[in-house]
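Here the structure comes first, spelled out in structure tokens, and everything after it is commentary.
Here the structure is a predicted model, which means the values were calculated and not measured. Lettering of chains follows the sequences in order, A, B, ..., and the numbering in each one begins at 1.
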Protein chains: 2
Amino acid sequence: MEIKPELCRVDDALGILTGKWKPIILLHLLTKGTQRFSELKRNMPGITQKMLTNQLRDLEEEDIVQRVVYPQVPPKVEYSMTDYGKSLEPILRAMHDWGAKHSVHKKQKMVSE
Amino acid sequence: MEIKPELCRVDDALGILTGKWKPIILLHLLTKGTQRFSELKRNMPGITQKMLTNQLRDLEEEDIVQRVVYPQVPPKVEYSMTDYGKSLEPILRAMHDWGAKHSVHKKQKMVSE
DNA sequence: CAGGATCCTCCAAGATACTG
DNA sequence: CAGTATCTTGGAGGATCCTG
């Protein structure tokens, strides 16, 4: 597909992925499958409940993640990628692969200084 | 390459691409090649000089775009992608392709409501 | 356990004006 | 033509406390 900057919707993808924690949330859900709220929180040191909730709500609203509530005590809520959300994987993968090279690039710049 | 959320550098790529105008600047430079400041500005309705300058400075600092100043009157400054910057193309292309599908997805949701 | 409700901080983004 | 220099503001991000 040819890229046409004028009518291109790159910003749509970016709008979904940007947010300080969204990329890593998606990576966790993509690689490890369905996870509970507390599991996600445990796997992301530094994130607050509020932020995790906010980001998940955003992603849910965009139909990227699915939220399933089990009506029981104590509460149990599971999050997973929707099929639509899984379509983001090529983007995340491209960024991941690039990120690996990037760290090398940075190191090379360091050395040459 | 396997994705490992914990040590993954997805945020590096995102840090470079986020910025309200960076993606479209990069798309213009990737598809049309070297361009002058005024050409870029003309092709991006709504952007202010300040923002264009800021974003270009950021990208230059990251070694993504190259800035060439011709010492003449009136001034002439050309911007182009570095080889390193061109390595971002797969990411932008992935986002572009996804964006095309996304618009369809949104339309389908509209219809089903 | 999985949040909701508040309050606060900070800075990207924009508007505007000036200049070599 | 291609920038700097200020000033301002909305909202993302964070800290903290409360609850079914």
Can you name the side chain to side chain donor-acceptor pair (under 3.5 Å) partners of R67(A), sequence neighbours left out?
-> Y79(A)

Nearest-0.5 Å distance, NZ of residue K20(B) to CG of residue D11(A) = 9.0 Å

Taking it one step at a time, do F37(B) and L52(B) satisfy side chain to side chain contact (heavy atoms under 4.5 Å, CB included)?
-> CA-CA 8 Å; F37(B) 185 87; L52(B) 183 52; 3.8 Å; yes

Going 5' to 3' through nucleotides 2-18 of chain D, assign each nucleotide B (protein heavy atom under 4.0 Å from a base atom), S (under 4.0 Å only from sugar-phosphate atoms) or - (no protein heavy atom that close).
-> SBS-B------BBB---

Measure the distance from CD on Q72(A) to P on dG20(D) and round it to the nearest whole Å.
-> 19 Å

Whole-Å gap separating P (dA13(C)) and CG (L52(B)) | 13 Å

About how many Å separate CD of Q35(A) and CG of L40(A), when rounded to the nearest 0.5 Å?
-> 4.5 Å

Go through the structure and list residues passing side chain to side chain contact (heavy atoms under 4.5 Å, CB included) with K76(B), not counting sequence neighbours.
-> R36(B), Y70(B), Q72(B), E78(B)

Where T18(A) and L14(B) come nearest, the two heavy atoms and their spacing | CG2-CG, 4.3 Å

Axis deviation across the helix from dC1(C)-dG20(D) to dG20(C)-dC1(D), five-pair ends, to the nearest 10° | 50°

Which residues pass the side chain to side chain contact (heavy atoms under 4.5 Å, CB included) test with Q66(A), sequence neighbours left out?
-> V68(A), S80(A), T82(A)

Residues in side chain to side chain donor-acceptor pair (under 3.5 Å) contact with W98(A), at least two apart in sequence or another chain = S87(B)

